[in-house]
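Only one structure is covered here, and it is reproduced in the block below.
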Amino acid sequence: MDPARRKKLEGTTRYEPAEVEARIFAEWIEGGYFHPEAGGDPAENYSVAIPPPNVTGVLHMGHALNGSMQDALVRMNRMRGRNTLWTLGTDHAGIATQAVVEKGLAEEGVSRHELGREAFVERVWAWKEEYGSRIVEQYKRLGASLDYENERFTLDEGYVRAVYRVFKLLYDKGYIYRDNYMVNWDPGSHSAISDLEVENREVEDTLYSIDYPVEGSDRVLTVATVRPETMLADTAVAVNPDDARHADLSGKHCVLPLVGRRLPIVADEHVDPEFGTGALKVTPGHDPNDFEIGRRHGLEEIGVIGPDGRMNEEAGERFAGMAAADAGEAVVVALREEGRLRDEEPYVHSVPFSERSGARIEPLISLQWFCRMDELAAPAIDVVEREEVRITPPQWKRVYLDWMREIRPWCISRQLWWGHRIPVWYCDACEETIVAEEAPERCGACGGPLRQEEDVLDTWFSSALWPFATLGWPEDTPELRAFYPTSFLTTAREILFLWVARMIMTGIEFAGDVPFRDVYVHSVIQARDGRRMSKSLGTGIDPLEEIDEHGADALRFGLLAMSSTQDVRFSDAKVQQGADLANKLWNASRLILLNVAEVEAAPRPVSVEDRWLLSRLEATIASVTAKLEEYDFAHATQEAYAFFWSELCDWYLEIVKPRLYEGEAEVSATLLWTLERILALLHPIMPFVSEEIWSYHPARQGHLAVHSFPEADESLLDPAAEREVRDGIELTGRLRAWRDLVEAPAATVLSARAEGAAPPEFVGRLARCEFVDANARLRSGREESDMDAPSAPSRGDGGDPIAAVGSVKILASAEIDAEAVAARLEARRKELRSEVARAEGKLGNEKFVDRAPAEVVEEERQKLVRYRAELEELSE
RNA sequence: GGGCGCGUAGCUCAGUGGGAGAGCGCUCGCCUCACACGCGAGAGGUCGCUGGUUCGAACCCAGCCGCGCCCACCA
């Protein structure tokens, strides 16, 4: 090792991620490791398309978790030598981005309408150029091995071509159509939104009961509503066909108070006779259910609330122009004046809100573009049923299938300016509608001028094409041939329908194959107090702050360790555990790298503990790898941690230190081999610290990022060595515990005699016992180590045993307090008596002996024999 | 209204038919020449409640109590 490097390694007793991470990342980029050449076969290659973050986005904990998972798998497969692509890109995020820029304009006192469409869109692009790459830079901080040389955007030129092609193809198939239909109008973003972008919240409203007089009689039908202003658009009253109370009214009419309109009384199954009086006012223009009833009965559809949330002229001049909520109050006043208001009471119910703007949804009928989904859904259901697309954990498969089987038409038009403007042109002269991938010059039918549809497409319409549009579809590109289908997708469950399902549908329809083979639905990391992390609640935890404070490796390790099949609270302790692990890796590596003899890295076992270590290493590699492959990140991290920390550091390194300091070649080779493999194994999880340490490893030829991933070597598995060392470890622990209990001074070396087979050498050294055999000859202990000098000449010399610890007898010694020993003895006897009683009870139970598996019974018998023997010994 | 899931050590979570585990926190002892972001040894749990199945239940079944999430058109 270069003397300067050696000096740095010697002097750095703490791993400092901040100093390392930026430098290492630059080296990876310099190496071009994350940008693959388009070649090879998708089945052998490995590719992942990142769920594109919004351009307006900043990295949140969900991105960090999702990114850590993807990067772990991407790095592992890249190291395995597969041609690996992790596609990078961002989503134009129509509503969110438009809102950000509009807010900026508002601060300048300008509205987008004053600016005009073209200028506004230019402003958004300018904003995107300036701020749109923030999140990309943040992924770099995480260490994500994305292909930064080829960043995609859902509005870049090629991508727009893909979107228009898909629109045209779906239109030509008759799936896309334009219709007047009930939509979720979001007054906040001033656009229709899809069902999936609506969330229901519990709200306390007032339920008003209103009397509708029945025409030509004294009777009234009392109906109830929380939105009195909608009564102005009522076009019927409905009752349940089986409701005896109203059976005679079918075919008659009510008179709408305030308005005077005649309302037919219709019978419809939807009406719940238990609710109120069993009469329902029907407002097809402003209620989704009533809309359905209206269509069933051919009712008139009247709209009284406009897209601006205000009453229009249909509401009558008394209410026209008022905000809907104000109109509601005015209607109540008017009804009260007319004596039609029977009752009002507080009423808690769930109400739709826009997830985009937070505004209360205004259901209204509007002319929109829709896409019929059932034909697209059918094959997408098949592939999941047949597990050509596997969904993990499996309960989400059914959730997916249930939703897909009841899929409804998708409202794909949005009344925004930022997005893919719908590729439809209208001729006002001859009323021709032209759908085309490129703007036509003039009307094909009459040659008249054309105007393009004003609306843009739902952002998810373009995201649905992500896995293949990013690879150049509809062109037949080398990238598409090499990397489609992608290998897997990790996702939060909240976008299972919004995004995942739609990618599967479009992938099959347009790219000729499923977009990915595996979908892993990950858990949600909640805030520390169990609430959801949210910007508006102020409960978010900033991953970048965590990285600043603890390092990217620590955050990655922590997130993977805390991930689970169920939602979990963010755990600072797990991130700290990751930081501690990075530091421990660094220091254990220093011990090895600064003390090894100059040798090759190779497994060269010469003792039972060497064979044990190599066996445990290979078993760990096999297990961690399997866990990663099955998306069990929590156990993968835990097992890697446990092997490294307890088995390698706590035991093996302590055991072999004397050999290492002596410069023994075999142990040096074995340690370098082990270090190489554990660094490679951990690299997908903790890429920075592993890469940094690797830079000091004598076997290094290139970056660890492209080093081979360890494959478990079964020939090194050694169950006999594992058993022997495990027993030695257990014995060491018991001897240490005994020392503690009898308060043996730390410096005292106990004399002991092993009954039966001698324990491994390390037991004596680590437990500070000197083993003497029957001839009182030193078997191990100080002779082989240069540990501190013997404390006193008071060591036992084959004297009387004063205690037994397992198969070891402790011999009398001046430093050991006899009373403490006696107390310890008694405690152990008590323990043993209870164990004997338990085993006897079990074995005395005939049913247990008869019905339990033979090996379970036999195991119990052996335990009993052991416990009895030890008890007898102690009772002497 | 339907569906899914969760209640295990002080905290956050593993374990899912044969003697209760991890990390953190806590107690005691150690600045032992890789690491005090460390080392060694401990304490701490009627595994939500009640019944059932079983030789045996944290684990399987039923009911109940508490909590979370998703879907759904009850005015």
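As the structure is a computational prediction, the values presented were derived from the model and not from experiment. Numbered from 1 within each chain, the chains take letters A, B, ... in sequence-line order.
A:Lys281 comes within contact range of no nucleotide atom at all, as no heavy-atom separation falls under 4.0 Å. At a threshold of 4.0 angstrom between heavy atoms, the contacts of A:His349 are confined to the sugar-phosphate backbone, with no base atom among them. Nucleic acid contact class of A:Glu406 (heavy atoms, under 4.0 Å, all strands): none. At a threshold of 4.0 angstrom between heavy atoms, the contacts of A:Tyr867 include nucleobase atoms, whether or not backbone atoms are also involved. Residue contacts for A:Asp650: at a heavy-atom cut-off of 4.0 Å it reaches the sugar-phosphate backbone alone, with no base atom in range. Within 4.0 Å of A:Glu654, counting heavy atoms only, lies at least one base atom of the nucleic acid. A:Trp645 comes within 4.0 angstrom of sugar-phosphate atoms only, judged by non-hydrogen atoms across all strands, and of no base. Contact annotation for A:Ala737: backbone-only contact, meaning every heavy-atom pair under 4.0 Å involves sugar-phosphate atoms and none involves a base. Among the protein residues, A:Asp272 comes within range of the nucleic acid bases, having at least one heavy atom under 4.0 Å from a base atom. If you check every strand for non-hydrogen atoms under 4.0 Å, A:Val282 touches nothing.
Look at A:Lys584 and you'll find a side-chain N or O under 4.0 angstrom from OP1 or OP2 of B:C39. For B:A34, the OP1/OP2 oxygens have a side-chain nitrogen or oxygen of A:Lys657 closer than 4.0 Å.
Closest approach to the A:Gln577 side chain among B:C39, B:A14, B:G23 is made by B:G23 (side chain taken as heavy atoms from C-beta onward). For A:Pro853, whose side chain is taken as the heavy atoms from C-beta onward, the closest listed nucleotide among B:C33, B:C37, B:G18 is B:G18. Side-chain atoms of A:Arg736 lie closest to B:G40 of the nucleotides B:C37, B:G40, B:A22. When each of B:G23, B:A34, B:C71 is scored by its nearest atom to the side-chain atoms of A:Phe497, the top-ranked nucleotide is B:C71. Residue A:Arg590 places its side chain closer to B:A34 than to any other of B:A34, B:A14, B:A41.
Classification of the A:Phe497-A:Trp403 ring pair by plane angle, with boundaries at 30° and 60°, yields parallel. Taking the six-membered ring where tryptophan is involved, the planes of A:Phe291 and A:Tyr181 are perpendicular, since the angle between them exceeds 60° and thus also 30°.
Across B:G44 and B:C11, the matching C1' atoms stand 13 Å from one another, rounded to whole Å.
Annotation: cation-pi geometry not satisfied between A:Arg340 and A:Tyr212 (NZ/CZ under 6.0 angstrom from ring centroid, within 45° of ring axis). Within the cation-pi definition used here (under 6.0 Å to the ring centroid, within 45° of the axis), A:Arg201 qualifies as a partner of A:Phe353.
Rounded to whole angstrom, the span from the CD1 atom of A:Ile592 across to the P atom of B:A34 amounts to 12 Å. B:C74 atom P lies 14 Å from atom CG of A:Asp205, rounded to whole Å. Rounded to whole angstrom, the span from the CZ atom of A:Arg739 across to the P atom of B:C30 amounts to 13 Å. We find that CG of A:Leu9 is positioned 12 Å from P of B:C35, with the value rounded to whole Å. A straight line from CZ of A:Phe644 to P of B:C35 spans 14 Å, rounded to a whole angstrom. Distance CG (A:Leu653) to P (B:A34): 10 Å, rounded to an integer number of Å.
Under the 3.5 Å distance criterion, the side-chain polar atoms of A:His286 are matched with a main-chain donor or acceptor of A:Ile305. The closest donor-acceptor contact from the side chain of A:Thr539 to the backbone of A:Ser534 lies under 3.5 Å. Using modelled atom types, no side-chain atom of A:Ser646 and backbone atom of A:Phe643 make a donor-acceptor pair closer than 3.5 Å.
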Each nucleotide of nucleotides 2-13 of chain B classed B (base within 4.0 Å of a protein heavy atom), S (only sugar-phosphate) or -, in 5' to 3' order, makes -SS-S-----SS
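For A:Arg14 and A:Glu859, each mapped to the nucleotide of RNA chain B holding its nearest heavy atom, the one lying further toward the 5' end belongs to A:Glu859.
The number of heavy atoms from other shown groups lying within 6.0 Å of CD (A:Glu345) is above 12.
Between A:Asp580 and A:Gln576, the side chains place a donor N or O and an acceptor N or O closer than 3.5 Å (distance only, hydrogens not considered).
Shown here, B:G10 forms a base pair with B:C24; the pair counts as Watson-Crick or G-U wobble because both key distances fall under 3.5 Å. Nucleotide B:C4 has B:G68 as its partner under the Watson-Crick or G-U criteria, with both atom distances under 3.5 Å.
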